[in-house]
S.K.: 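Below is a structure I'd like to ask you about.
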Amino acid sequence: MTTTLLSTADELHARVRHGRRAVVMTMGALHEGHATLIRTARGIAGRDGEVVVTVFVNPLQFGAGEDLDRYPRTLEADLKLAEQAGADAVFAPSVDEVYPGGQPQVRISAGPMGERLEGAARPGHFDGVLTVVAKLLHLSRPDVALFGQKDAQQLALIRRMVRDLNFGVEIVGVPTVREADGLALSSRNRYLSADERRTALALSRALFAGRDRHAAQEALRARAREVPSTHARAEALSAIGESRAAADAHAVATAAPGGPAAVRAAARQALDEAGRVEPPLKLDYLALVDPSDFTEIGDGFTGEAVLAVAARVGTTRLIDNIPLTFGNLGAAS
């Protein structure tokens, strides 16, 4: 397969379409995480469809003092990776092509959801993201667009925009791709020195600690549910010689703090430890949120949640997250 490089919307619109068009939006500096998105898009589009990768470093989503100028631009290497992963075309427009006449005066507002977490740390960031995503959806005219789950808040906002503003496109989230040591793949990882990279592993380590604490809680709850809380329960426990163990499991499963509070505490411990090493990790936020609006979940929450973290190591800011499912004492996650 030969991947075609396109620089204008007219060139893209002139392509003959047969099956579904799947679009993967990137800012370039492609890595294995992007390759996974492209391969997933290829599977969705099928042999008769088309996969288009957009490469555009969007100035609207960079705030003052952020790394717009030093953001890596590696178009030749990006084209090669896209081709190997199965893309039919790479659409790499100029800033003038996307924003003719200068930066747009009319933009999409991310609303209250875009002011939390990443939005609070980077004011206006998500307005810029949604504006360029809307523009690229109009320019590329896909049937389906794919985004990585590593940028969980971005994915949630794009889904909300598409639903709220009636975009006729399917949005697909693709799980985060990680290095063997757990670090989430990111174009910004290349900025890390060897020592900084060791510190940065605390992000995934914290998330995994929260996940493991959650899994342990759910296992204890499941064990506590195995025998009813009646006189028959005590007799049954005694008969199998597990009265103390099961009673402890029931106590731990129903005691506070548990649930979301315990998950946060487990993750926070790993981050606090990383703040005391050299070079230190400087935490921006740790949050356990409802993905529908990115508000913090409470102790009685049930359903899907996202444990998210953002921190700086040296001059590099990194984000990561994992999904969790919270049930109640009547259902395991």
Side-chain angles (χ1 to χ4, degrees), residues 22-44 51 53-58 61-62 66-67 70-87 90 92 117-118 122 125 129 133 145-156 158 171-211 267 270-271 274 281 284 286 306-324:
V23 165
V24 175
M25 295 187 188
T26 82
M27 292 206 301
L30 303 188
H31 49 63
E32 180 57 30
H34 297 108
T36 298
L37 285 166
I38 297 167
R39 287 192 291 267
T40 304
R42 181 79 272 162
I44 291 173
V51 175
V53 177
T54 69
V55 174
F56 181 67
V57 181
N58 176 35
Q61 67 193 70
F62 288 81
E66 293 188 334
D67 55 357
R70 74 181 186 121
Y71 196 88
R73 291 159 172 83
T74 56
L75 184 56
E76 184 175 345
D78 294 345
L79 187 62
K80 182 177 181 181
L81 183 146
E83 183 170 279
Q84 292 172 341
V90 167
L117 301 185
E118 282 299 291
R122 306 173 67 186
H125 169 71
V129 169
V133 169
L146 295 89
F147 298 88
Q149 291 179 359
K150 185 178 79 70
D151 297 297
Q153 191 173 3
Q154 171 181 284
L155 174 60
I158 291 169
I171 302 298
V172 173
V174 178
T176 301
V177 179
R178 300 184 180 277
E179 300 276 10
D181 58 11
L183 186 68
L185 286 177
S186 170
S187 301
R188 291 188 168 93
N189 290 351
R190 67 186 66 196
Y191 300 149
L192 298 169
S193 68
D195 289 342
E196 289 171 343
R197 196 181 189 285
R198 281 191 290 272
T199 297
L201 292 175
L203 274 77
S204 56
R205 190 161 59 244
L207 296 178
F208 298 158
R211 178 198 61 191
L271 296 168
L281 179 143
D284 277 0
L286 171 70
V306 172
L307 180 61
V309 62
R312 292 184 183 275
V313 182
T315 61
T316 304
R317 187 174 186 276
L318 300 170
I319 63 172
D320 200 354
N321 71 85
I322 55 171
L324 298 174

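Only heavy atoms go into these numbers, but all of them, side chains included; no hydrogens, no water, no symmetry mates.
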S.K.: What's the shortest heavy-atom distance between A270 and A202, and which atoms?
M.R.: O-CB, 4.3 Å

S.K.: Hey, what do you get for CG (N321) to OG1 (T176), rounding to the nearest 0.5 Å?
M.R.: 5.5 Å

S.K.: Before giving the answer on side-chain contact (heavy atoms from CB on, under 4.5 Å), spell out for R70 and T315 the whole-Å C-alpha distance, their side-chain angles and the decisive distance to 0.1 Å.
M.R.: CA-CA 12 Å; R70 74 181 186 121; T315 61; 3.7 Å; yes

S.K.: Of all heavy-atom pairs between D181 and S204, which one has the smallest distance, and what is that distance?
M.R.: O-OG, 4.4 Å

S.K.: With heavy-atom distances below 4.5 Å as the criterion, would you say the side chains of I44 and L146 are in contact?
M.R.: yes

S.K.: If you take all heavy atoms of V313 and E196, which pair is closest and at what distance?
M.R.: CG1-O, 3.4 Å

S.K.: Go through V53 and L79 one step at a time and tell me if the side-chain contact (heavy atoms from CB on, under 4.5 Å) criterion holds.
M.R.: CA-CA 9 Å; V53 177; L79 187 62; over 6 Å; no

S.K.: Can you name the salt bridge (charged side-chain N to carboxylate O under 4.0 Å, His left out) partners of D151, sequence neighbours left out?
M.R.: none

S.K.: For G28 versus D78, what's the shortest heavy-atom pair and its separation?
M.R.: CA-OD2, 3.3 Å

S.K.: Please check: side-chain N/O of N189 versus main-chain N/O of A184, any donor-acceptor pairing under 3.5 Å?
M.R.: yes

S.K.: With rounding to the nearest 0.5 Å, note down the distance linking CG in L318 to CG in L203.
M.R.: 6.0 Å

S.K.: E179 vs R197, test: side-chain contact (heavy atoms from CB on, under 4.5 Å). Steps then yes/no.
M.R.: CA-CA 12 Å; E179 300 276 10; R197 196 181 189 285; 3.3 Å; yes

S.K.: Okay, side chain of N58, backbone of M27: is any donor-acceptor separation there less than 3.5 Å?
M.R.: no

S.K.: D320: which residues meet the salt bridge (charged side-chain N to carboxylate O under 4.0 Å, His left out) condition with it, sequence neighbours left out?
M.R.: R178

S.K.: Can you list, pair by pair, the side-chain donor-acceptor contacts under 3.5 Å of residues 31-38, counting residues two or more places apart and other chains?
M.R.:
{"unit_1": "H31", "atom_1": "ND1", "unit_2": "G33", "atom_2": "N", "d": "3.0"}
{"unit_1": "E32", "atom_1": "OE2", "unit_2": "R39", "atom_2": "NH2", "d": "2.2"}
{"unit_1": "H34", "atom_1": "ND1", "unit_2": "H31", "atom_2": "N", "d": "3.0"}
{"unit_1": "T36", "atom_1": "OG1", "unit_2": "E32", "atom_2": "O", "d": "3.0"}
{"unit_1": "T36", "atom_1": "OG1", "unit_2": "R39", "atom_2": "NH2", "d": "3.4"}

S.K.: So which heavy atom on P72 is nearest to which on S187, and how close?
M.R.: CG-O, 4.4 Å

S.K.: Could you check whether any side-chain heavy atom of L286 comes within less than 4.5 Å of a side-chain heavy atom of L307, counting everything from C-beta outward?
M.R.: yes

S.K.: Distance check, rounded to the nearest 0.5 Å: Q154 atom CD versus Q61 atom CD?
M.R.: 7.0 Å

S.K.: Rounded to the nearest 0.5 Å, what separation is found between the CG atom of L281 and the CZ atom of R205?
M.R.: 9.5 Å

S.K.: Run the salt bridge (charged side-chain N to carboxylate O under 4.0 Å, His left out) test against R73 and tell me which residues pass, sequence neighbours left out.
M.R.: none

S.K.: By salt bridge (charged side-chain N to carboxylate O under 4.0 Å, His left out), which residues pair with R317, not counting sequence neighbours?
M.R.: E118, D284

S.K.: Output every pair passing salt bridge (Lys or Arg N to Asp or Glu O under 4.0 Å) with a member in residues 183-194, not counting sequence neighbours, ordered by first then second residue.
M.R.: D67-R188

S.K.: Walk me through it: do F147 and I171 pass the test side-chain contact (heavy atoms from CB on, under 4.5 Å)?
M.R.: CA-CA 8 Å; F147 298 88; I171 302 298; 4.0 Å; yes

S.K.: Can you see which heavy atom on V24 is nearest to which on A41, and at what distance?
M.R.: CG2-CB, 3.9 Å

